[in-house]
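Here is the structure we will look at, set down as C-alpha cells.
Below, chains carry the letters A, B, ... as their sequence lines are ordered, and counting in each starts from 1.
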There are 2 protein chains.
Amino acid sequence: MNALVRSEASHRNSTIAVGPRPPAPVFAKPQPISFFTSNAEIYAQGETAGNFYRIEFGAVRIYRLLSDGRRQIAAFHLAGETFGFEADLTHHFFAEAIVATCLCTHRVSAGETLSQDLLPLALRYLARAQKHLLVVGRQNAVERIAAFLIDIADRQGGLEHIELSMSRQDIADYLGLTIETVSRGLTKLRDTGFIKFHGLRVLDICKPQALRLMCE
Amino acid sequence: MNALVRSEASHRNSTIAVGPRPPAPVFAKPQPISFFTSNAEIYAQGETAGNFYRIEFGAVRIYRLLSDGRRQIAAFHLAGETFGFEADLTHHFFAEAIVATCLCTHRVSAGETLSQDLLPLALRYLARAQKHLLVVGRQNAVERIAAFLIDIADRQGGLEHIELSMSRQDIADYLGLTIETVSRGLTKLRDTGFIKFHGLRVLDICKPQALRLMCE
DNA sequence: CGCTCGCTTGATATAGCTCAAAAGCTGTGG
DNA sequence: CCACAGCTTTTGAGCTATATCAAGCGAGCG
C-alpha cells in the first residue's frame, strides 16, 4: 500500500507574530503573520477550527489519512489563496506547509460580512474538488499527470513555465498514484516532447494545446 | 474504457408549475415546484446558472464527462438536500434526476441573506467531496463500496436499512469502478455476511461496526 | 410467452503496484 | 575542492487488482 511513516518530520511550528501589516485587499483589519517551515503542521484533523489563512508566500497541502497510513492530498493551496474555514468548528483535514510558508491569519469572528467573501471561495474549491474527482476516478496515469501540470500552470499565472513546490510523493498522493508511476509518467511526457525539464522541479510545457487535449 | 452512450435517455423535462406552496423552513418565499422523470436533465454543464434547488422527494446525480464518454459522478443528492448554486453564473456539471424527483426552485436574487445559509452548505459539500477523494484515490474496490453504503445509510437517517435509488452503473461511476467490479464487491460483502439483500436495490447492513472499520 | 434491461458471473488482459536497485542531488566536513 | 551520507527520483522486473470481453440469469412488461 502506501504506509510510509512521514510523521516525525511533521510537528507544529511555533507561531511568530510579526506585528501589524498593511490591510489586506479583501478583509478589513491587519492580522498576525505566522511562519511555517517545510513540512510543519498548520492544523490537524479533529482540531478546533475558527481561523482561516491567506498564503503570503509558500504552498500548503490539505490531506487525510487512512488508518494504515495511506494518504490522499485533497488540495494544494498556492500563494495568494485562502483556506482553513469549516462548516462546523472542527477541522476535517490536515494542513501542512509544503515549503517555507508565510500565512496571514484571520479570525472568523472578525466580521459577519466575511461569509459574503467566503461563499464564492468555497464554491470555487468545491468545483475544483469535484473536477479533481473526475481526474482521480476516471483518468489514467498520464492523463492525471497532464491534468495536474495544466492546473498548476493555470494557477501560476497561465504561463507554460512551472516551478513545482511539491515532491513526487505529494503529487502521487494528490493524483491517487504511486511515486514510481508519477515518475514514469513524467518521463513519458518528457520523452514524447510534451514537457522539458530544467531541474527536478522546474519544467516548461512545450505543447500546451496537446497537453490540454489529453485530459478532456 | 467506459464509453457507454447514455444520452438518448436524458432530455430536458418540461417544468410543471404546481403553484404556491407553504414556505420552506430555511428560505423566505413560496417557490415554484418542478417535476422530473427518471434520467431527466435538470441542468447541463456550460448552462447559465442562477437558481438552486431543494429536493422535495427523489434523488439527483451531479456529474462530468470526458470527451470519450467516461463519466464521473461527483455527488448524489437525496431528498431534503439543496444543490445547484455556483461561484460564477455557469454550471460546471450536469445534474439529472435518478428517479422521479420533485424540486423546489429558488432564485439567487431572492435575498442577500442567502449566502448566510449557503456557506455552511457549500462547506459541507466541499468536505464531502474531499473525503470522497480519499475513497476514490486510495481505497480498493470493496472498501469503496463499503464507504458508499455507510455514507448512504448515514444520510438516510442512520438506519442499517438501505433503499438505493441509483443503478449499479451510477454507483460504479461514483466510485470510479466498473459495473462488474461493483457487482462483485457487493456479492463479496453479501457472502461474508456484512450485508443482506431484500431485492436488487434494497439491503440491510448486518455488521455496521465492522463495515465502518473497513473504510477508515 | 418471449423480449428487454439491469445485474451477475466467468475468463482473460493489462495498467499500475510492489519490491529492488541504481542514479542524481544536497549538504557537511575535512 | 573532493568524499561521503542521506535524501529524492528514476529505472527495472514481476505481480495483482481491476478492467475488459463475453455469456448467462431473472424480473418486469408488452
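Residues B:I152 and B:M166 form a side-chain contact, since some pair of their non-hydrogen atoms from C-beta on lies under 4.5 Å apart.
With hydrogens and angles ignored, the 3.5 Å screen pairs no side-chain donor or acceptor of B:T181 with any backbone N or O of B:I179. For A:T90 (side chain) and A:G46 (main-chain N/O), no donor-acceptor pair under 3.5 Å exists by modelled atom type.
Taking only side-chain nitrogens and oxygens, A:R168 comes nearer than 4.0 Å to OP1 or OP2 of D:dT10.
Note: CZ (B:R138) to C1' (C:dC17) measures 10 Å, nearest angstrom. Separating the CG atom of B:D68 from the P atom of D:dA19 is a distance of 15 Å, rounded to the nearest angstrom. Protein atom CD1 of B:I179 is 7 Å distant from nucleotide atom C1' of C:dG6, rounded to whole Å. Regarding B:M166, its CE atom lies at a distance of 16 Å from the P atom of C:dG6, rounded to whole Å. Protein atom CD1 of A:I171 is 17 Å distant from nucleotide atom C1' of C:dG16, rounded to whole Å. The distance from atom CG of A:L175 to atom C1' of C:dA15 is 16 Å, rounded to the nearest whole Å. Separating the CG atom of A:L186 from the P atom of D:dT8 is a distance of 17 Å, rounded to the nearest angstrom.
Nearest heavy atoms, A:I42 versus A:A97: CD1-N, 3.7 Å. Closest of all the heavy-atom pairs between B:L149 and B:L189 is CD1-CD1, 4.0 Å. The minimum heavy-atom distance between B:E81 and B:R128, with the atom names listed, is OE2-NH2, 3.0 Å.
Checked against ring-ring contact (aromatic ring centres under 6.0 Å, His included), B:F93 has no partners two or more places apart in sequence or in another chain. A:R184 meets the side chain to side chain contact (heavy atoms under 4.5 Å, CB included) test with A:E180; sequence neighbours excluded. Judged as a side chain to side chain contact (heavy atoms under 4.5 Å, CB included), and not counting sequence neighbours, the contacts of A:A146 are A:L211, A:M214, A:C215. Contacts of B:F57 classified as side chain to side chain contact (heavy atoms under 4.5 Å, CB included), with partners at least two apart in sequence or in another chain: B:F35, B:C102. The side chain to side chain contact (heavy atoms under 4.5 Å, CB included) test applied to A:S167 returns A:Q169, A:D170, A:R201, not counting sequence neighbours. In this view, A:H77 and A:F83, A:Y125 satisfy the ring-ring contact (aromatic ring centres under 6.0 Å, His included) rule, not counting sequence neighbours.
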For nucleotides 22-30 of chain D, which of its nitrogen or oxygen atoms have a protein nitrogen or oxygen under 3.5 Å away, and what is each distance?
none

What protein N or O atoms touch nucleotides 16-18 of chain D N or O atoms at under 3.5 angstrom, if any, and at what distances?
{"residue": "D:dT18", "atom": "OP1", "partner": "B:A141", "partner atom": "N", "Å": "2.8"}

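For A:R184, the listed nucleotide lying nearest its side chain is D:dA13; candidates were D:dA13, C:dC7, D:dT9.
Using a 4.0 Å heavy-atom distance criterion, B:S183 is classed as a base contact.
An angle of 30°, rounded to 10°, separates the two end axes of the helix from C:dC1-D:dG30 to C:dG30-D:dC1, each defined over five pairs.
For residues 145-187 of chain B, the ring pair (Phe, Tyr, Trp, His ring centres under 6.0 Å) pairs, not counting sequence neighbours, are B:F76-B:Y174, B:H132-B:Y174, B:F148-B:Y174. A side-chain hydrogen bond (donor to acceptor under 3.5 Å, both in side chains) check over residues 206-216 of chain A, counting only residues at least two apart or in different chains, returns the pairs A:D154-A:R212.
Using a 4.0 Å cut-off on heavy atoms, the residues of residues 188-207 of chain B that approach DNA chain C are B:R190, B:L200, B:R201, listed by number.
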